[in-house]
Protein chains: 2
Amino acid sequence: MSEERRLSPVQEKFILHWGEMGIQWGINRTVAQIHALLFIAPRPLHAEEITETLGVARSNVSNSLKELQGWGIVRRVHVMGDRRDHFESLKDVWELFRTIADERKKREVDPTLALLRECLAESDKALVRDSHTEGRLRELLVFFETTTGWYERLRGWSPSALSQLASMGDRALKLLGLGT
Amino acid sequence: MSEERRLSPVQEKFILHWGEMGIQWGINRTVAQIHALLFIAPRPLHAEEITETLGVARSNVSNSLKELQGWGIVRRVHVMGDRRDHFESLKDVWELFRTIADERKKREVDPTLALLRECLAESDKALVRDSHTEGRLRELLVFFETTTGWYERLRGWSPSALSQLASMGDRALKLLGLGT
DNA sequence: CACTCATTTCTGCTCAGACAGAACAGGGGG
DNA sequence: CCCCCTGTTCTGTCTGAGCAGAAATGAGTG
């Protein structure tokens, strides 16, 4: 029973903060906390450990883990000699955030693109044209198309390439003849 | 009374979608809907119009407008010969999202950076070092430092420079000798 | 084939955030 | 100077997400 792994003050602080951050970004607090715990855990944890460590109900942990797996940032692993499922987070930070970004794009940006195209199509065949609204929506569409196109190219680049590019800063722009 | 401006189906569709999107990103539905309405409105609207158009309480509109102003994406304007406050959204899409990104960075990313540094500092002087947690947090810190540094450089660039860079795609990388 | 252990699903409760309506404040204009 | 128009703040209600505990499912073992 109760291996009772106590969190260090630093760990607790981080997990609590991560939970609050989650809320700001539309992610359930417990889900975010569990992810934070798995992220700093030195080994895969099983549900019972999570339950005890965070003080939430087992069912809550179960559902939250399912959601995290749905996001693709937590996966089930098996530990030899233990029947229980264990869970671990993606550990590579770049991969982690790329995965989250991919998923958010799929869930939120793509449907928005679809909706904007739909709206513009309907607007086209409407009896009373509303060119102002149309213009606004078109600008939004261009924005999302441009940025997602950009993201899709970027996401394939290696972290090192990205960070090199970042560290080059404005020099990169000059090289490319894109100075402001 | 009741100028009763009715929304077109397209407008309604867009506003409702924008509201749902808001929720996904941790923004109140009504707040997002009001923003959507102001974004597509051809002229500044006063609170009463918003109340009627969206069918929400006046107080709700008042508070939501205050929040939108806090985000810096809606501002009060005065219309000649009308004592009532009128409100309009930022119309330039790039500026709009840059403003939102700036604000989210200030509210969420910067505090996270501060917290991670705090955690690492505390971890440094702890009696029992937890090098694993420390490592994870350090990686997160590097990630946030890198990406925010990158954002801070990028945010000054003109939309046209950004879209040119995007359209260049991988060629840009090759030019910079950063190919994967 | 029953029993145990692990996990998921179901059910109902709880509470925080969202909201409406009322009360309040104030500032022009008649 | 008073009253009306506009906007804000306050207060109570309500809804839905979040959650705990119970029940159900399943999987492995003796």
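Here the structure is a predicted model, which means the values were calculated and not measured. First the proteins, then the strands, lettered A, B, ... as listed; each starts at 1.
- Between B:Ser64 and B:Ile34 the shortest heavy-atom distance is CB-CD1, 3.5 Å.
- We find that CG of B:Asn28 is positioned 13 Å from C1' of C:dA16, with the value rounded to whole Å.
- Contact annotation: A:Arg58 reaches the phosphate of C:dT7 (side-chain N/O to OP1 or OP2, under 4.0 Å).
- Going from atom CG of B:Leu65 over to atom C1' of C:dC19 covers 15 Å, rounded to whole Å.
- Mapped onto DNA chain D by nearest heavy atom, B:Ser59 and A:Val56 fall at different nucleotides, with B:Ser59 at the one closer to the 5' end.
- Side-chain atoms of B:Arg43 never come within 3.5 Å of backbone atoms of B:Glu88 as a donor-acceptor pair (strictly under, hydrogens ignored).
- As a whole-Å value, the separation of B:Arg76 CZ from D:dT6 C1' is 11 Å.
- Remark: B:Ser62 is in phosphate contact with D:dT8, judged by side-chain N or O atoms under 4.0 Å from OP1 or OP2.
- Regarding A:Glu20, its CD atom lies at a distance of 13 Å from the P atom of C:dA16, rounded to whole Å.
- The CD atom of B:Gln69 sits 8 Å away from the P atom of D:dT8 (whole-angstrom rounding).
- Side-chain atoms of B:Arg83 lie closest to D:dC5 of the nucleotides C:dT7, D:dC5, D:dG7.
- Using a 4.0 Å cut-off, no side-chain N or O of A:Arg84 falls inside it from OP1 or OP2 of C:dC5.
- A:Phe39 pairs by the ring-ring contact (aromatic ring centres under 6.0 Å, His included) definition with nothing, not counting sequence neighbours.
- Atom CG in A:Asn60 sits about 15 Å away from atom C1' in D:dA22, given to the nearest Å.
- Between A:Asp85 and B:Ala57, the one whose closest nucleotide on DNA chain C sits nearer the 5' end is A:Asp85.
- Spacing between atom CG of B:Asn63 and atom P of C:dG17 amounts to 15 Å, rounded to whole angstrom units.
- In this entry the distance linking NE2 of A:His46 with C1' of C:dC5 reads 13 Å, nearest Å.
- The residue among A:Phe87 and B:Val31 whose nearest nucleotide of DNA chain C is located toward the 5' end is A:Phe87.
- Panel note: side chain A:Ser62, backbone A:Arg58; no donor-acceptor pair is recorded below 3.5 Å.
- The OG1 atom of B:Thr99 lies 8.0 Å from the CZ atom of B:Arg155; values are rounded to the nearest 0.5 Å.
- An OP1 or OP2 oxygen of D:dT9 is reached within less than 4.0 angstrom by a side-chain nitrogen or oxygen of B:Lys66.
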